[in-house]
Amino acid sequence: MPDLATPLIAWYRTHARDLPWRHPGFGAWGVLVSEFMLQQTPVNRVIPHLQAWLARWPTPAALAADAPAEAVHQWANLGYPRRALWLHRAAVEIVARHDGDVPADVDALLALTGIGDYTARAVAVFAYGQRHPVVDTNTRRVLARAIDGRAQPDPPSRRDLIAMTAILPDEVTASTIVNAATMELGATVCTARAPRCDACPLAAACAWRAAGYPDTGDNRRRQARYEGSDRQARGAVLRMLRDAAPTPIPLAEVIADWPDARQRDRAVDSLIADGLAEASEGLLRLPT
DNA sequence: CTCCAGGTAC
DNA sequence: GTACCGGGAG
């Protein structure tokens, strides 16, 4: 196994982007909120929303004291609005179970709503300085190329955590940097479509490069089309509720001009099932 | 068309 | 293991 940690650390020192959540003292709550927003959403779209969110709710207790509707409304057009609901639930759980302090223990973090393997370890590592493997889509791609010699990673699995652990230095501070540097490399250099291998600190050690950049196939899931999808319909319903909030909307007026009435009804029902909307007396509103 | 600091529930 | 969940930018 080649040493990837040393070149990653050296590269990160000079190439890391200056992102808000990387500033010392940003705080565990700030890190947690940023990680929720960064789930499937690019950095540049997150930053303004993150700052507005933390200005309004500087602590888990502040968010927990407001209605879920406020969280869904503040989430605006970030996408995957269940994350807003989950973040609110997590804040309530943090107040109930941890006296309002974001827990540092991975298992305690995993027990919070909306937090899985990635987010739990990201908070434990980046907010609390612990040594754990932090594995996101960028990390999986870097490891697939540098170690396995494959163009694209397999679908996420527990093996990813083992693979990442294998390249982490024993020393805690260095392991934190390697976690961040691997994600950063995947986000800015070892990208999915047009990697800049001439600028890569791992070029000398990369198995994919050594093999001549073979096209090893692509086992990733294909994303469903968005145009005309149920997701688009849900987004339209929720946007209407946000724009009207706090005023509820008569059910008969909810995206009344949507071309597919069946799909519109399905969208409303699924939003209610997710807890993102509530219906009563013929009116639809954000969750109270 | 593709991609994106994932997680949940079945 | 698979399906589902937004929206914007390239």
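Chain naming here is simple, since letters A, B, ... match the order of the sequence lines and numbering starts at 1 in each.
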K.L.:
Using atom P in both nucleotides, what's the gap between B:dA5 and C:dC4 to the nearest angstrom?
P.N.:
24 Å
K.L.:
List, by chain and number, the other hydrophobic cluster members for A:Leu286, where Ile, Leu, Val, Met, Phe, Trp and Tyr join if side-chain heavy atoms come within less than 4.5 Å, directly or indirectly.
P.N.:
A:Val72, A:Leu85, A:Val237, A:Leu238, A:Met240, A:Leu241, A:Ile249, A:Leu251, A:Val254, A:Ile255, A:Trp258, A:Val268, A:Leu271, A:Ile272, A:Leu276, A:Leu284
K.L.:
Go through the steps to decide whether A:Arg234 and A:Asp274 satisfy the test salt bridge (Lys or Arg N to Asp or Glu O under 4.0 Å), and finish with yes or no.
P.N.:
CA-CA 11 Å; A:Arg234 281 166 55 102; A:Asp274 283 348; 2.9 Å; yes
K.L.:
Base, sugar-phosphate or nothing for A:Trp75? Non-hydrogen atoms, less than 4.0 Å.
P.N.:
nothing
K.L.:
Is it the case that the ring center of A:Tyr213 lies less than 6.0 angstrom away from the ring center of A:Trp208?
P.N.:
yes
K.L.:
Are the ring centres of A:Trp57 and A:Trp29 closer than 6.0 Å?
P.N.:
no
K.L.:
With sugar-phosphate meaning primed atoms plus P, OP1 and OP2, does A:Thr119 contact a base, only sugar-phosphate, or nothing at under 4.0 Å between heavy atoms?
P.N.:
sugar-phosphate
K.L.:
Give me the distance, rounded to whole Å, that separates B:dG7 from C:dG8 when you measure between the P atoms they each carry.
P.N.:
23 Å
K.L.:
At the 4.0 Å heavy-atom cut-off to chain A, mark where contacts on DNA chain B begin and end, going 5' to 3'.
P.N.:
B:dC1 to B:dT8
K.L.:
Are any non-hydrogen side-chain atoms of A:Met164 and A:Val134 less than 4.5 angstrom apart?
P.N.:
no
K.L.:
Does A:Arg22 reach a base, just sugar-phosphate, or nothing at all? Heavy atoms under 4.0 Å.
P.N.:
base
K.L.:
Check each of A:Arg56, A:His49, A:Arg242 against A:Gln74 using the side chain to side chain donor-acceptor pair (under 3.5 Å) test, and report the only one that passes.
P.N.:
A:Arg56
K.L.:
Can you confirm whether A:Val178 sits close enough to A:Pro169 that some side-chain heavy atom of one is under 4.5 Å from a side-chain heavy atom of the other?
P.N.:
yes
K.L.:
Assign each of A:Ile115 and A:Met183 to its nearest nucleotide of DNA chain B by heavy atoms, then name whichever residue's nucleotide is nearer the 5' end.
P.N.:
A:Met183
K.L.:
Any chance you could list the contact pattern along nucleotides 4-10 of chain C? Use B for base contacts, S for sugar-phosphate-only contacts and - for none, protein heavy atoms under 4.0 Å, 5' to 3'.
P.N.:
BBBBS--
K.L.:
Assuming nearest nucleotide by heavy-atom distance, tell me which of A:Asn138 and A:Thr113 is located more 5' along DNA chain B.
P.N.:
A:Asn138
K.L.:
Apply the side chain to side chain contact (heavy atoms under 4.5 Å, CB included) test between A:Val135 and each candidate in A:Thr182, A:Asn179, A:Asp160; give the one that qualifies.
P.N.:
A:Asp160
K.L.:
Scan A:Ala192 against the nucleic acid and name what it touches under 4.0 Å (heavy atoms): base, sugar-phosphate only, or nothing.
P.N.:
sugar-phosphate
K.L.:
Flag the pair A:Arg158 and A:Asp117 as a salt bridge only when some basic side-chain nitrogen lies within less than 4.0 angstrom of an acidic carboxylate oxygen.
P.N.:
yes
